Novice: 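Following this message is one structure expressed as structure tokens.
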Protein chains: 2
Amino acid sequence: MGSAEETAGGYRPWSEVTPDAARRLLVAAVEAFAERGYHATTTRDIAGRAGMSPAALYIHYKTKEELLHRISRIGHDKALDILETAAAGPGTAADRLGAAVRSFVLWHAAHHTTARVVQYELDALAPEHRDEIVQLRRQSDAVVRRILGDGVAAGEFHVPDVPGTTLAVLSLCIDVARWFNAAGRRTPEEVGELYADLVLRMVGAARAAPGA
Amino acid sequence: MGSAEETAGGYRPWSEVTPDAARRLLVAAVEAFAERGYHATTTRDIAGRAGMSPAALYIHYKTKEELLHRISRIGHDKALDILETAAAGPGTAADRLGAAVRSFVLWHAAHHTTARVVQYELDALAPEHRDEIVQLRRQSDAVVRRILGDGVAAGEFHVPDVPGTTLAVLSLCIDVARWFNAAGRRTPEEVGELYADLVLRMVGAARAAPGA
DNA sequence: CCGGCGTCTAAGCGCTTGCTCACCCTCCGG
DNA sequence: CCGGAGGGTGAGCAAGCGCTTAGACGCCGG
């Protein structure tokens, strides 16, 4: 068991990675990178977790860094997709911001192992790959900033500093990957709910009315 | 220049580290760890930055890990001190929470190089040292939780989930160390001010009145 | 039955790592 | 003027690193 809990719940990640051995190696790498960090993880450790010899890794990936790049790319694509889906939804700006934070945080909590690698091992990427990922992050930033802008324009939000608040909101959500499950009384859904509420207060769209 | 900006402003950190050569090595280690991460930093790199030979490091420190431990310990002591000072201050719970967030964030922004090492390289510590540091973090958590509890009891704050909100507040502040200065239009003071405002909104102590 | 391809392994190469050791300065009390 | 202590160096060791190579396996169309 152990790693089973990560893939529980019917959600099957990494389905886009084939063949099977390549996926097993990638999943093993995610676990190892999340646990010890990229630089502290050896290729022997990754191969061992996948039940293979060290050399097997190089049949499917050219370098250890390519593994990290693949993980980072897939993860960022997923995270951006989650944000964009929520942003394109119906309702007021407050509705969309709440949905975005709720689903974004839910993903970071439920897949905190992956998210930790994706969000905190950026500097281990080769410069070219790093630039590519940074571009995706800028898109995430733009999505959130747009919702905030909409809310301000509609008079729903009171936000003096939209770029700064955007940064804070994303920072808050992303950092969930770092601390989540440290003991784990909360479910990912509960954290998402809590954070959606906190963020809506931050932007002054308080459903904080005492009766709510 | 370069590293000079870090120590600018009259604040002289690491004054508790003697002799001089030991301090130079420690400052070099902070820079290197912040830039590349603990595991990606070599002892040769640290010694080189300090203008010494690789062997010189081992006159003042037993291992590379001891360097990280010293940095982490001093940094956490300082961070906790900042929080406790603000918490012990005068005024309402809102006043104290605002002061705590403002000064805590200010430190994380102004000394983001140090803060990055202190906050994000925890897992590289030996288990015994890690436990020691985790203990300090629990104290930081307790300080913030107490202010929130006070505010709720006094009817100043509306916080349904005090432990969860405490976690979120600290997470938000700490993560400043990760992104700060990525381009740097904002000063540390401005970020502290912005964050104090955001956090006060989060707890429903809105000075969000338009005229404020 | 075969031959080629994709997959995997055992062994190991070249290099870097954290750390050590033998030795050398410089400073300073007696 | 000396001798010892503490701060420093150049060279280098054992271990571990990312990665490669030579060869063996199972599978499958002809």
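Keep in mind that the numbers below use all heavy atoms, side chains included, and drop hydrogens, waters and symmetry copies. First the proteins, then the strands, lettered A, B, ... as listed; each starts at 1. Being a predicted model, the structure only gives us computed values, none of them experimental.
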Novice: Can you measure Lys64(A) atom NZ to dC19(D) atom C1' for me and round it to whole angstrom units?
Specialist: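 Going from Lys64(A) (NZ) to dC19(D) (C1'), I get 12 Å.
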
Novice: Around atom CZ of Arg146(B), are there more than 12 heavy atoms of other residues, nucleotides or ligands at under 6.0 Å?
Specialist: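 Counting other residues, nucleotides and ligands, CZ of Arg146(B) stays at 12 neighbours or fewer.
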
Novice: For the side chain of His76(A) and the backbone of Ser72(A), is there at least one donor-acceptor N/O pair under 3.5 Å apart?
Specialist: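 Yes, because the side chain of His76(A) sits within donor-acceptor range (under 3.5 Å) of the backbone of Ser72(A).
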
Novice: Taking 4.0 angstrom as the limit, do Asp123(B) and Arg36(A) come out as a salt bridge?
Specialist: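 Answer for the salt bridge query: no.
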
Novice: Rounded off to whole Å, could you give me the CD1-to-C1' distance for the Ile59(A) and dA22(D) pair?
Specialist: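 Atom-to-atom, Ile59(A) to dA22(D), this comes out as 13 Å.
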
Novice: Exactly one of Glu65(B), Glu66(B), Arg73(B), Arg70(B) should register a side-chain hydrogen bond (donor to acceptor under 3.5 Å, both in side chains) with His129(B). Which one does?
Specialist: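 Running side-chain hydrogen bond (donor to acceptor under 3.5 Å, both in side chains) over Glu65(B), Glu66(B), Arg73(B), Arg70(B) with His129(B) returns exactly one hit, Glu65(B).
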
Novice: Look at Arg137(A) together with Asp141(A) and state whether they make a salt bridge at an N to O cut-off of under 4.0 Å.
Specialist: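 Looking at Asp141(A) together with Arg137(A), the answer is no, because their closest N to O distance does not fall below 4.0 Å.
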
Novice: Take the protein atom CG of Leu67(A) and the nucleotide atom P of dC19(D), then report the distance between them rounded to whole Å.
Specialist: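 Distance, rounded to whole Å: 10 Å.
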
Novice: Would you mind telling me which residue lines up with the more 5' stretch of DNA chain C, Arg44(A) or Ser53(A), judged by nearest nucleotide?
Specialist: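 It is Ser53(A), whose closest nucleotide lies nearer the 5' terminus.
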
Novice: Begin from the C-alpha positions of Leu97(A) and Leu200(A) and carry the test side chain to side chain contact (heavy atoms under 4.5 Å, CB included) through to its verdict.
Specialist: CA-CA 7 Å; Leu97(A) 182 60; Leu200(A) 285 175; 4.0 Å; yes

Novice: Hey, what do you get for CZ (Arg178(B)) to CZ (Arg116(B)), rounding to the nearest 0.5 Å?
Specialist: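 Answer for the CZ-CZ pair, Arg178(B) versus Arg116(B), is 9.5 Å.
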
Novice: Salt bridge check, Arg49(A) against Asp45(A): does any charged N sit closer than 4.0 Å to a carboxylate O?
Specialist: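 Looking at Asp45(A) and Arg49(A), the cut-off is met.
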
Novice: Taking any atom closer than 4.0 angstrom to a non-hydrogen atom of chain A, what span of DNA chain C does the protein reach, first nucleotide to last?
Specialist: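 The protein-touched segment is dC8(C) to dG12(C).
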
Novice: Looking at DNA chain D, which of residues 34-43 of chain A put a heavy atom within less than 4.0 Å of it?
Specialist: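 Hits under 4.0 Å, by residue number: Thr41(A), Thr42(A), Thr43(A).
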
Novice: Select one nucleotide: of dT21(D), dG8(D), dT9(D), the one nearest the side-chain heavy atoms of His60(B).
Specialist: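 For His60(B), the side-chain atoms sit closest to dG8(D).
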
Novice: In whole Å, what is the span from the OH atom of Tyr61(B) to the P atom of dG7(D)?
Specialist: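 Taking atom P of dG7(D) as the reference, OH of Tyr61(B) is at 12 Å.
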
